[in-house]
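All chains are named by letter (A, B, ...) in the order of the sequence lines, taking the proteins before the strands, and each is independently numbered beginning at 1.
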Amino acid sequence: MLDLKLIRQDEARVRRGLERRGAGAAELDRILALDAEWRALVAELDALRAERNRVSQEIGRIKREGGDASAQLAAMSDVAERIRSLEAREKELQDEIEALLLRLPNLPDDDVPDGPDDSANVEVRRWGEPARFPFQPKAHWDLGPALGLLDFERAGKITGSRFTVFFDRGARLLRALVAFMLDYHTARGFTEVLPPFLVNSASMTGTGQLPKFGGDAFRVDGHDLWLVPTAEVPVTNLHRDEILAADELPIYYCAYTPCFRSEAGAAGRDTRGLIRQHQFDKVELVKFVRPEDSARELETLTAHAAGVLEALGLPYRVVALSTGDLGFASAHTYDLEVWMPSYGRYVEISSCSNFRDFQARRANIRYRPEPGAKPQYVHTLNGSGLAVGRTFAALLENYQREDGSVRLPEVLAPYLGGQLEFAPRT
RNA sequence: GGAGGGGUACCGUAAUCGGCAACGGAACGGUCUUGAAAACCGUCGCCCGCAAGGGCUUGCGGGUUCGAGUCCCGCCCCCUCCGCCA
């Protein structure tokens, strides 16, 4: 959520930021008009309340002294009626302003490249060399079933399309990747969290999924509960409505959760394999930091997530998202894209974002810069570290051999009982 | 799911019959002090306002009333017990 004070005081800056994202300026004009009306109303209302408070005390005093307060009571009856009517209007205005503010996206950082969509994204750097296969490499949706690791057909039977059954050593490999990633992060200062996989609407609003993107998530029938679309939601909301002490910051969390998304697949893209599923697994990194540190923290967060790919020996590149490709709540995002032989290109495997105070304001997450000082909003960041299903796919594809077998990197040996070889069933 | 008890500021606790949300502690600022402690004063949630000042805030949302922490209705969470359950 944008700061209403900022909108008032620096309308030009807000308008410029929204225009860079192609977001409507119409809402901005509407907010400014409603806010002007609201402030005038509040002044009038507060004056009436002041009078009511004053006379009500007087009535109390008169009654205690056994006097007759009927004149005051009659006058205050009218004032009370007037206050009731103004309060109703004030609530309307406030609700409407709030509703508009909640639908306004974050402002992009100055150094975010401008552009209409992902075509304007800018490659920042590359790591590793995509393997040149002396044979036609197979896709993971062919390798996985052939190796007895993945079963897409039975998942379709028991649930539907865009779900997967991990089987036998495939299930073990998925569990191994989750454990490997969590160990990697906790060894580097992140605190492991295992949150609920269902969250309430307040949490979904706090991180920005609601009110605009409810259709992208699964809701539990008959309850105010949603299946988490990402661990970002429960983990960021851990500190909703809290005032953190300055010496608690920065806070670094990592969390494994399954992620549930109903929108995946609507566009008919990536219909095969693990790339776009209604349920997938992810290890997420979440940071709460001082405002002055968030830009630097985004760089280290991105480098940290990239470290997982490097440990696994998977070639990747870092891409700075353009204003047109930026997520709703983000001010600045780097995507990590892993080399995927079946696609013949780099495919997103992590998205690292700085939300600045956008989520903190929605979720009311503050800290005291100094003991005794006024509370301020923290900055929140998060990034995938990594999407586990896509990592699974990238490993199979990048480490495949001509006979359809796969040998995974040594770093996974402790998590796989030393069994790094995967051979096709005959 | 049922019964009972609770939710008040950073923490702990009051508030009679409905009448300015009191007190203690912590933290921070100040006075005092060579320095510190103690003591005393102030600050310590949010909003409007250039300011003076005013308003809001007792888990959340409604209602009654001139006036609600207090009375009424709905909901959420915590504790105890019962039921159910991996």
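The gap from the P atom of B/rA21 to that of B/rC56 amounts to 9 Å, rounded to the nearest Å. Look at the P atom in both B/rG62 and B/rG69: the space between them is 15 Å, to the nearest Å. Between B/rC28 and B/rC78, the distance separating the two C1' atoms is 32 Å to the nearest Å. To the nearest whole angstrom, the two P atoms, one in B/rA86 and one in B/rG5, are 32 Å apart. As rounded to the nearest Å, B/rG63 and B/rC77 have C1' atoms that lie 23 Å from one another. With both ends at atom C1', the span from B/rG61 to B/rC11 equals 28 Å, rounded to whole Å. Using P as the reference atom, B/rC20 and B/rU70 are 14 Å apart when rounded to the nearest Å. B/rC60 and B/rG42 have their P atoms separated by 29 Å, given to the nearest Å.
Nearest to the side-chain atoms of A/Arg39 among the listed nucleotides B/rG54, B/rC20, B/rC48 stands B/rC48. Closest to the A/Asp46 side chain, of the nucleotides B/rG54, B/rC46, B/rC10, is B/rG54. Side-chain atoms of A/Arg49 lie closest to B/rG55 of the nucleotides B/rG55, B/rC47, B/rC46. You'll find that the side chain of A/Lys374 is closest to B/rC46, out of B/rC10, B/rC46, B/rC66. The side chain of A/Arg52 lies closest to B/rC66, out of B/rG54, B/rC66, B/rG49. Side-chain proximity of A/Lys63 to B/rU65, B/rG19, B/rG55: nearest is B/rG19. Checking B/rG45, B/rC20, B/rC48 against every side-chain atom of A/Lys5, the shortest atom distance belongs to B/rC48.
Applying the Watson-Crick and G-U wobble criteria (two distances, each under 3.5 Å), B/rU58 pairs with nothing in any strand. In a base pair of the Watson-Crick type (N1 to N3 plus N6-O4 or O6-N4) or a G-U wobble (N1-O2 and O6-N3), with each distance short of 3.5 Å, B/rC23 is matched with B/rG12. Using Watson-Crick or G-U wobble geometry with both donor-acceptor distances under 3.5 Å, B/rG53 finds its partner in B/rC48. Both distances falling under 3.5 Å, in either a Watson-Crick or a G-U wobble arrangement, place B/rU31 opposite B/rA39. The nucleotide B/rG4 finds its pairing partner in B/rC79, both defining distances of the Watson-Crick or G-U wobble pair being shorter than 3.5 Å.
Residues A/Arg172 and A/Asp168 are not paired through a salt bridge, judged by the lack of any N-O separation under 4.0 Å between the basic side chain and the carboxylate. The existence of a salt bridge linking A/Glu299 and A/Arg296 is excluded, since no basic side-chain nitrogen approaches an acidic carboxylate oxygen closer than 4.0 Å.
Checking A/Met76 against A/Ala47, the closest nucleotide of RNA chain B that is more toward the 5' end is the one next to A/Ala47. Taking the nucleotide of RNA chain B with the nearest heavy atom to each of A/Ser56 and A/Leu73, the more 5' of the two is matched to A/Ser56.
Atom-to-atom distance recorded for A/Leu396:CG and A/Lys138:NZ is 12.0 Å, nearest 0.5 angstrom.
Checking the phosphate oxygens (OP1, OP2) of B/rG67, no side-chain nitrogen or oxygen of A/Asn53 falls inside 4.0 Å.
At a cut-off of 3.5 Å, with distance as the only test, no side-chain donor of A/Ser330 or A/Asn106 sits close to an acceptor on the other residue. Judged purely by distance below 3.5 Å, without hydrogens or angles, the side chains of A/Glu192 and A/Tyr256 never pair a donor atom with an acceptor atom.
For the pair A/Asp241 CG and B/rC76 P, the computed distance is 18 Å after rounding to whole Å. Whole-Å rounding puts the A/Arg84 CZ to B/rG62 P distance at 14 Å. As a whole-Å value, the separation of A/Leu93 CG from B/rC56 P is 18 Å. For the pair A/Gln94 CD and B/rC48 P, the computed distance is 10 Å after rounding to whole Å. Put simply, CZ on A/Arg368 is 13 Å from P on B/rA9, counting in whole angstrom units. Distance A/Tyr367 OH to B/rG45 C1': 18 Å, rounded to the nearest Å. A/Glu51 places its CD atom 13 Å from the P atom of B/rC56, with the value rounded to the nearest Å. Rounded to whole angstrom, the span from the CD1 atom of A/Ile83 across to the C1' atom of B/rG54 amounts to 13 Å.
At a threshold of 4.0 angstrom between heavy atoms, the contacts of A/Arg366 are confined to the sugar-phosphate backbone, with no base atom among them. Using a 4.0 Å heavy-atom cutoff across all strands shown, A/Arg64 reaches sugar-phosphate atoms only and no base atom. Counting any heavy atom pair closer than 4.0 Å across all strands shown, A/Ala80 reaches sugar-phosphate atoms only and no base atom.
In this structure, A/Arg188 forms no cation-pi arrangement with A/Phe190, as its terminal cationic atom is not both closer than 6.0 Å to the ring centre and no more than 45° off the ring axis.
Between A/Ile275 and A/His140 there is a side-chain heavy-atom pair separated by less than 4.5 Å.
A/His239 and A/Tyr253 have parallel rings, their planes meeting at less than 30° on a 0 to 90° scale where 60° marks the start of perpendicular.
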